[in-house]
Amino acid sequence: LRAHLVHEARGLDVVAAGRARLERAGDVESSRVLEANTADEIRHVKLMLKWFCAVVEAQSSSSYTGKDAPIRAFHGIVRDPTRWRAQCLKPPFNREARAMAGMEERWYLPLAPPGDGTTADRTE
């Protein structure tokens, strides 16, 4: 679930740049397809968030408990070099689309690489 959540959310982040490249190349039709696909990607992220939270909350043996357990579990997984090679999430982030999917900034901003200019507050 974690990999799907990361990849689906990343899809939201790159769609605007992809559309711009297609339009510069004169491929307006493909740009419109990407625009239409964004609604599907938002639904995918929303579902991945729902399932990720349900799995974390169902794991009574998890070291992550409490209200923010899913977010802390997600951060722990992304930062674990044995599970996620990059150990961070690459900006820029499509904050509007992520918000529409229910993904609050606290899910991803603390995982941006230090010094990227995304946010000064990296506390969890």
- Is it true that D13 and R98 make a salt bridge, defined as a side-chain N closer than 4.0 Å to a carboxylate O? yes
- Query: Is there a side-chain contact between I77 and F52 (heavy atoms, below 4.5 Å)?
  - Reply: yes
- Can you find a heavy atom in the side chain of E8 that is under 4.5 Å from one in the side chain of L47? no
- Spacing of CD belonging to E35 relative to CG belonging to L22, to within rounding of 0.5 Å: 12.0 Å
- Under 4.5 Å between any side-chain heavy atoms of P113 and P91, yes or no? yes
- Provide the closest heavy-atom pair for L34 versus V15 in the form atom of the first, atom of the second, distance. O-CG2, 3.8 Å
- Query: Atom CZ of R10 and atom CG of L89: how far apart are they, to the nearest 0.5 Å?
  - Reply: 8.5 Å
- Quick one: are V45 and L5 in side-chain contact, heavy atoms under 4.5 Å? yes
- Spacing of CG belonging to N37 relative to NE2 belonging to H44, to within rounding of 0.5 Å: 7.5 Å
- Could you state the interatomic distance from CG (L49) to CZ (F74), rounded to the nearest 0.5 Å? 8.0 Å
- Item | Heavy-atom pair of closest approach, residues E23 and S31 | OE2-OG, 2.6 Å
- Message: When you compare the side chain of V56 with that of R72, does any pair of heavy atoms fall below 4.5 Å?
- Response: no
- Message: Quick check for you: to the nearest 0.5 Å, what is the distance between K50 atom NZ and K46 atom NZ?
- Response: 10.5 Å
- Could you tell me how the ring of F93 sits relative to the ring of Y108: parallel (under 30°), tilted (30 to 60°) or perpendicular (over 60°)? tilted
- Rounded distance (nearest 0.5 Å) linking atom CD1 of I42 with atom CE of M103: 12.0 Å
- Flag the pair V55 / Q59 as yes when at least one side-chain heavy-atom distance between them is below 4.5 Å, and no otherwise. yes
